[in-house]
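Everything below concerns the one structure shown next.
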Amino acid sequence: MQDVSGILKEGFLVKRGHIVHNWKARWFVLLQDKLLYYKLDGGRKEPSPKGRIILDGCTITCPCLDYENRPLVIKLKTKTNTEYFLESCSREERDSWALDITGAIHAGHPVQVQQLHRMKNSFKLPSNISLNHIVDKMHDNSNGIKLTHNMEQGNTYKESFTGSALVDWLISSNFVASRFEAVTLASMLMEENFTKPVGVRSTEAMRNGDLAEQFLDDSTALYMFAESYKRKLSSREELHLHILELSGTIVKQGYLVKQGHKRKNWKVRRFVLRADPAFLHYYDPTKEENRPVGGFSLRGCLVSALEDNGVPTGVKGNVQGNLFKIITKNDIHYYIQASSKAERAQWIEAIKRLT
């Protein structure tokens, strides 16, 4: 039996397959010297790990730029040059995993771990700032950032802007108070796939810099709006959905396991809870498009924990407890499984505040 007494961290990540490059949600368990991952059988973790990543001699890349539509990926490369791509549900969760994995890799080097913690703790976005709101302002015809034609090494980049121009704009628009804060915010816009580096200087910095040095406050480093932002607003139907349901402030997000309505099978979904207007959406983390596969208004909803002794009415299959139920005002029942009692309590509390 696998000894998992020294667990440093555990939770869902979405992993790219080795042979077929599809993405699957797996339950990951971080130990001092290895990272184990498990398949889910229904709503229950299988007893034996599906695979393991030996951390000795591993290198970690975070953020990893290999997948434009998956900005929350961590790349691990083992001593034997095997590459693993692991996707998180949020920026904070990704950085937390990267920090803990790096800590395990460098367990014998406490100074490096201290530096990592300092770097992580200096990288915070004020809670009243929404990245979507900033990007909308950047697109504003009269007060937005000015898009120009820029040249670098013989290449012309249309509708681009320089790093220092974005920093100036963020300060003049009163989103931040200093150039240091502006660089931090610009890095986040890039990591969340709203903007992207173009040209050699900015792309190299993004690939090689640490969290604090990925975005360059420099008049020769070039950036553009990412395609995904344009795509998000491509069709009238998506624009309508985006404006109404997806315009609220994100209050909470994370991976949970949900029972299907028709086949009653259990699937890992990325849930996003928004306020003003209050909606709960869920996404298929194995798919690239960043649009919800389902969701509902929380107005008039009832949410409650389900008892862990026995299988509650309405629940099918192999589950491991920590269940809760949401009943919409249209009397649709959603059965959801958290990974712990504490996580279940946090979700219930956050949803109740918005009903």
Side-chain angles (χ1 to χ4, degrees), residues 10-14 25-27 40-45 72 87-90 92-93 127 130 132 238 240-287 289-355:
E10 58 182 332
F12 284 114
L13 292 169
V14 180
R26 299 284 182 248
W27 182 262
L40 247 65
D41 176 17
R44 189 181 285 274
K45 184 183 86 178
L72 301 176
E87 185 181 38
S88 242
C89 62
S90 69
E92 296 74 22
E93 201 46 30
S127 58
S130 145
N132 282 298
E238 275 188 56
H240 188 66
L241 176 77
H242 177 83
I243 287 170
L244 290 178
E245 293 187 14
L246 304 178
S247 61
T249 310
I250 293 178
V251 176
K252 187 171 178 59
Q253 57 185 324
Y255 291 130
L256 295 166
V257 188
K258 175 188 161 291
Q259 180 176 271
H261 285 300
K262 294 187 182 122
R263 293 172 58 197
K264 308 294 183 196
N265 51 352
W266 291 85
K267 292 278 174 71
V268 177
R269 295 289 180 248
R270 178 169 69 91
F271 278 79
V272 179
L273 178 63
R274 292 179 173 90
D276 303 321
F279 271 86
L280 184 62
H281 291 98
Y282 50 95
Y283 300 73
D284 182 347
T286 66
K287 300 283 189 288
E289 63 267 17
N290 190 27
R291 53 183 298 175
V293 291
F296 48 91
S297 166
L298 291 174
R299 188 173 295 167
C301 278
L302 297 172
V303 57
S304 60
L306 296 176
E307 289 303 320
D308 283 345
N309 49 353
V311 178
T313 311
V315 171
K316 298 275 189 294
N318 188 13
V319 292
Q320 56 189 25
N322 308 314
L323 295 166
F324 62 101
K325 176 165 79 167
I326 302 171
I327 306 175
T328 69
K329 68 174 184 187
N330 300 330
D331 201 35
I332 296 169
H333 293 224
Y334 289 85
Y335 294 95
I336 299 166
Q337 179 176 274
S339 58
S340 66
K341 281 190 168 55
E343 186 183 52
R344 174 175 68 180
Q346 288 162 8
W347 273 100
I348 290 173
E349 183 58 34
I351 290 166
K352 273 185 176 168
R353 283 195 210 112
L354 299 176
T355 58

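Note that the numbering runs from 1 along the sequence shown for the chain. Just so it is clear, the structure is predicted and the values come from calculations on it, not from any experiment.
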How many angstroms lie between atom [atom1] of [X] and atom [atom2] of [Y], to the nearest 0.5 angstrom?
| X | Y | atom1 | atom2 | result |
| --- | --- | --- | --- | --- |
| Thr249 | Leu273 | OG1 | CG | 10.5 Å |
| Ile336 | Lys325 | CD1 | NZ | 12.0 Å |
| Thr355 | Ile327 | OG1 | CD1 | 12.0 Å |

side-chain contact (heavy atoms from CB on, under 4.5 Å) with [X]: which residues, sequence neighbours excluded?
| X | answer |
| --- | --- |
| Arg274 | Leu246, Ile250, Val272, His281, Tyr283 |
| Ala345 | none |
| Glu343 | Leu256, Ala338, Ser339, Ser340, Trp347 |
| Lys287 | Asp284, Glu289 |

- Item | ring pair (Phe, Tyr, Trp, His ring centres under 6.0 Å) contacts touching residues 246-266 (sequence neighbours left out) | His261-Tyr334
Considering residues at least two apart in sequence or located in another chain, which fulfil the side-chain hydrogen bond (donor to acceptor under 3.5 Å, both in side chains) criterion with [X]?
| X | answer |
| --- | --- |
| Asp331 | His333 |
| Arg26 | none |
| Lys264 | none |
| Gln346 | none |

For the residue pair [X] and [Y], what are the closest heavy atoms and their distance?
| X | Y | answer |
| --- | --- | --- |
| Arg344 | Leu323 | NH1-O, 2.9 Å |
| Leu354 | Ala275 | CD2-CB, 3.7 Å |
| Cys301 | Thr328 | SG-CA, 3.6 Å |
| Cys89 | Gly254 | SG-CA, 3.6 Å |
| Val293 | Arg269 | CG2-NE, 4.1 Å |
| Thr286 | Ala25 | CG2-N, 4.3 Å |

- Side-chain heavy-atom pair Phe279, Phe296 within 4.5 angstrom cut-off: no
- Is Ile326 close to Phe324 at the side-chain level, that is, under 4.5 Å between some pair of heavy atoms? yes
- Item | Residues that Glu349 engages under salt bridge (Lys or Arg N to Asp or Glu O under 4.0 Å), provided they are two or more places apart | Arg353
- Message: One pair to check against side chain to side chain contact (heavy atoms under 4.5 Å, CB included): Leu13 and Ser88. What are the steps and the verdict?
- Response: CA-CA 5 Å; Leu13 292 169; Ser88 242; 3.5 Å; yes
- Task: Could I get the full list of ring pair (Phe, Tyr, Trp, His ring centres under 6.0 Å) partners for Tyr335, not counting sequence neighbours?
- Result: none
- Trp27 vs Val268, side chain to side chain contact (heavy atoms under 4.5 Å, CB included): CA-CA, chis, key distance, verdict: CA-CA 10 Å; Trp27 182 262; Val268 177; over 6 Å; no
